Amino acid sequence: MISTSSSSTAAIGRATRRGGILFPDCTSRRGDRWVDRTEAAGLAFPVYGLGVAVGDYDNDGDPDLYLTALGPDRLLRNNGDGTFTEVTHRAGIANPEFASSAAWFDADNDGWLDLYVANYVQWSPETDIFCSLDGVTKSYCTPEPYRGVSDRFYRNNGDGTFTDATEASGLYDPTSKSLGVVAFDYNLDGAMDLFVANDTEPDKLFENLGNGTFAEVGMLAGVAFDENGVARAGMGVDVGDVERSGHWFLAVTNFSNEMISLYRSEGNGLFIDRAQAMRIGPPSLPTLGFGCFFFDADGDGWLDLFAVNGHVEPEIERVQPTVAYRQRPHLFWNREGRVFVDVAEEAGFTAPLVGRGAAYGDLDGDGDLDVVITENGGPARIYRNDSERGALLRVRLVGRRSNRDAIGAMVRVTANGLALTQMVRGGGSYCSQSEYTLTFGLGEGTVAQEVLVRFPKGTVYRLNEVPAEQTLVVDEERGVVQVLPFRSKGAKE
């Protein structure tokens with residue numbers, strides 16, 4: 001598998017770059033052209049929806065949608081003409097539970113995307129339990145009074161249908177109260193594993209055994225509980241190589257008075273929580289986190305961490321004056337893999353929100369990653385990345401023998417004497433979907449000395465002296481098929 005080496009040489013002038021991180025809220029700006037196509041796309045149906053996962057499950061080149069909901073979920077096949085057809089029952093998917101997040105990934109590396117659905121608790125209006133913060137007014141209950149429910153795993157049959165393989169694969173667990181899931185290769189053995197964040201139940205790490213089954217190793221790996229042996233209220237999740245060392249870091253957002261978890265893989269199957277040592281822990285202690293992701297906000301080559309926050313109880317300040325209902329996001333700026341500094345306020349994330357979903361993508365084609373946030377009881381928000389940034393290189397992969405989205409592929413970019421590895425991962429954040437294109441910061445460099453691409457089926461491409469400020473489209477069978485320059489900053493659409 002691809003590995004990298006850690007070094008502090010060739011450091012970039014981060015002190016000046018930090019001052020240039022800027023994400024203006026462009027939600028209502030007239031120059032942005034967004035047209036509501038919900039009805040025209042065939043998506044205007046009633047559903048108590050929570051999240052979405054995007055994946056080309058039929059390998060026809062069009063992204064399909066899986067909507068999680070308070071039962072039942074929806075699978076929507078992309079017709080390729082801007083419309084979708086609901087095919088849930090036809091495809092053999094039947095999840096009537098209280099679903100939250102979901103992840104597409106190829107569990108058996110047969111070239112077809114399988115689906116993991118995270119379910120929360122057994123709840124309905126008829127079984128609702130009265131809870132109260134003050135003994136009088138109804139409030140949200142913690143998950144403890146409710147029974148858990150197993151997540152579901154659907155294996156892709158390759159003909160447009162799925163088989164529920166939850167029990168056969170070893171993924172059945174009726175104690176789960178799941179809110180976040182990310183699929184990635186935690187032990188670098190070539191098989192996609194699953195990390196699942198649970199609310200007041202132990203978080204789970206399902207190791208893919210490569211024979212169609214999984215083994216739960218969360219407690220052995222050190223990611224099930226906090227350092228005191230207590231299960232936290234896990235919500236959002238993501239994974240990234242924040243040290244440029246080839247070791248994965250797992251980020252998990254938790255409840256207020258529970259800091260964000262930041263587990264570092266030691267390379268031997270064990271993880272150590274580095275949240276306090278890397279200074280993410282204390283600033284995140286008073287916030288209640290949901291969506292989160294690693295991304296390079298300023299193009300300096302080091303992955304930063306973004307997290308949205310917001311309490312679940314509007315009256316929380318009456319009983320806990322130090323905890324707010326509306327909370328501003330965190331933007332933890334990575335100082336060369338050593339520590340993080342929260343620069344959210346100076347970067348423009350000043351508005352307190354009841355944040356829930358969070359995703360990133362290059363919305364304006366200029367190469368850097370913009371941010372989208374959903375708010376409970378409020379509008380979605382778009383934050384455009386106007387940072388004073390370093391050079392960027394983007395890599396978009398097209399699978400052929402592997403799944404079309406190339407989920408599970410690894411890309412290593414070497415620049416300025418350092419190497420950064422990213423994986424096309426499935427799921428992540430909370431009830432959200434970010435783009436699959438990988439974005440690498442080159443800092444003050446203008447050329448990547450090497451770009452190494454490894455597809456899930458084993459095909460490898462090694463590219464040398466690749467200029468920055470462009471997107472490479474790499475096809476599994478044909479190599480580089482497109483080179484797309486970025487749009488200029490401020491260019492009209």
Side-chain angles (χ1 to χ4, degrees), residues 4-24 238 240-246 249 278 293-306 330-344 346-349 360-371 383-396 411-422 434-435 437-453 463-472 483-491:
T4 63
S5 59
S6 177
S7 172
S8 60
T9 60
I12 298 165
R14 298 179 57 76
T16 56
R17 182 102 38 226
R18 172 185 170 185
I21 298 179
L22 183 63
F23 284 81
D238 200 18
D241 177 11
V242 304
E243 289 179 333
R244 302 186 69 148
S245 64
F249 277 72
M278 300 187 78
F293 51 77
F294 290 110
F295 78 136
D296 190 345
D298 56 356
D300 64 356
W302 299 89
L303 293 180
D304 310 299
L305 178 63
F306 182 80
H330 293 300
L331 175 55
F332 289 106
W333 170 64
N334 184 345
R335 296 184 62 183
E336 298 176 352
R338 298 191 298 268
V339 296
F340 289 84
V341 178
D342 191 351
V343 298
E346 63 190 80
F349 297 102
Y360 63 81
D362 181 11
L363 301 182
D364 50 7
D366 64 357
D368 51 32
L369 296 176
D370 310 297
V371 173
Y383 292 85
R384 190 182 66 214
N385 192 338
D386 285 348
S387 301
E388 177 192 345
R389 63 170 177 80
L392 296 170
L393 177 66
R394 285 165 53 83
V395 181
R396 183 187 309 159
V411 179
R412 186 183 69 190
V413 171
T414 302
N416 305 315
L418 296 174
L420 175 62
T421 301
Q422 292 191 43
S434 294
E435 66 175 3
T437 301
L438 302 178
T439 301
F440 296 85
L442 307 187
E444 295 178 349
T446 59
V447 174
Q449 284 76 55
E450 181 181 81
V451 176
L452 184 64
V453 178
L463 311 171
N464 297 314
E465 301 302 314
V466 180
E469 298 302 296
Q470 61 183 1
T471 299
L472 297 182
V483 177
L484 306 172
F486 299 157
R487 298 179 62 178
S488 300
K489 280 281 189 182

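Heavy-atom basis, side chains included; hydrogens, waters and symmetry copies ignored. Bear in mind that the values here come from a model prediction, so they are computed numbers and not experimental data.
To the nearest 0.5 angstrom, Leu305 atom CG is 8.0 Å from Asp238 atom CG. For the atom pair Leu363 CG and Asn385 CG, the distance stands at 10.0 Å (nearest 0.5 Å). Put simply, CZ on Phe486 and CD on Glu469 are 5.5 Å apart, with the number rounded to the nearest 0.5 Å. To the nearest 0.5 Å, atom CG of residue Leu331 and atom CZ of residue Phe340 are 10.5 Å apart. Between the CD atom of Glu450 and the CG atom of Leu452 there is a distance of 5.5 Å, given to the nearest 0.5 Å. To the nearest 0.5 Å, the span separating CG on Asp362 from CG on Asp366 amounts to 5.5 Å.
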> Stepwise, does the side chain to side chain contact (heavy atoms under 4.5 Å, CB included) test hold for Leu420 with Asp241?
Replying inline: CA-CA 7 Å; Leu420 175 62; Asp241 177 11; 4.3 Å; yes
>> Determine whether Arg335 and Glu243 satisfy the following criterion, salt bridge (charged side-chain N to carboxylate O under 4.0 Å, His left out), listing intermediate values before the conclusion.
In response: CA-CA 9 Å; Arg335 296 184 62 183; Glu243 289 179 333; over 6 Å; no
> Can you list the steps and then say if Arg389 with Asp368 is a salt bridge (charged side-chain N to carboxylate O under 4.0 Å, His left out)?
Replying inline: CA-CA 8 Å; Arg389 63 170 177 80; Asp368 51 32; 3.5 Å; yes
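In this structure the side chain of Phe23 reaches within 4.5 angstrom of the side chain of Ser387, judged on heavy atoms. Using a 4.5 Å cut-off on side-chain heavy atoms (C-beta onward), Asp304 and Phe294 make no contact. When side chains are defined from C-beta on, Arg338 does not count as touching Met278, because their heavy atoms never get closer than 4.5 Å. Side-chain contact between Thr421 and Val411 is absent, with no heavy-atom pair separated by less than 4.5 Å. Residues Leu369 and Asp296 are not in side-chain contact: their nearest non-hydrogen atoms beyond the backbone lie 4.5 Å or more apart.
What you find for Glu435 and Arg394 is that their closest heavy atoms are OE2-NH1, 2.7 Å. Nearest heavy atom pair, residue Leu393 against residue Ala448, reads CD2-CB, 4.1 Å. In plain terms, the two heavy atoms of Val483 and Gln470 that are nearest each other are CG1-OE1, 2.7 Å. Between Ala391 and Gly445, the closest heavy-atom pair is CB-O, 3.0 Å. Between Gln422 and Thr439, the shortest heavy-atom distance links the atoms NE2-O, 2.8 Å. Summarising the geometry of Trp333 relative to Ile21, their closest heavy-atom pair is CD1-CD1, 3.7 Å, with the distance given to 0.1 Å.
Listed by chain and residue number, Ala359, Tyr360 satisfy the side-chain contact (heavy atoms from CB on, under 4.5 Å) test with Ser434 (two or more places apart in sequence, or in another chain). Residues meeting the ring-ring contact (aromatic ring centres under 6.0 Å, His included) test with Phe249, sequence neighbours left out: none. Annotation: side-chain contact (heavy atoms from CB on, under 4.5 Å) contacts of Thr446 (sequence neighbours excluded): none.
Side-chain N or O atoms of Asp386 include none that pairs as donor or acceptor with a backbone N or O of Leu22 at under 3.5 Å. Proximity of a side-chain donor or acceptor of Asn416 to a complementary backbone N or O of Leu418 within less than 3.5 Å is not detected.
Neither side chain, Thr471 nor Arg396, offers a donor N or O lying under 3.5 Å from an acceptor on the other.
Leu442 pairs with exactly one of Val413, Val466, Val447 by the side-chain contact (heavy atoms from CB on, under 4.5 Å) rule, that one being Val413.
The aromatic rings of Phe306 and Phe295 lie perpendicular to each other, with more than 60° between the two planes, well past the 30° mark.
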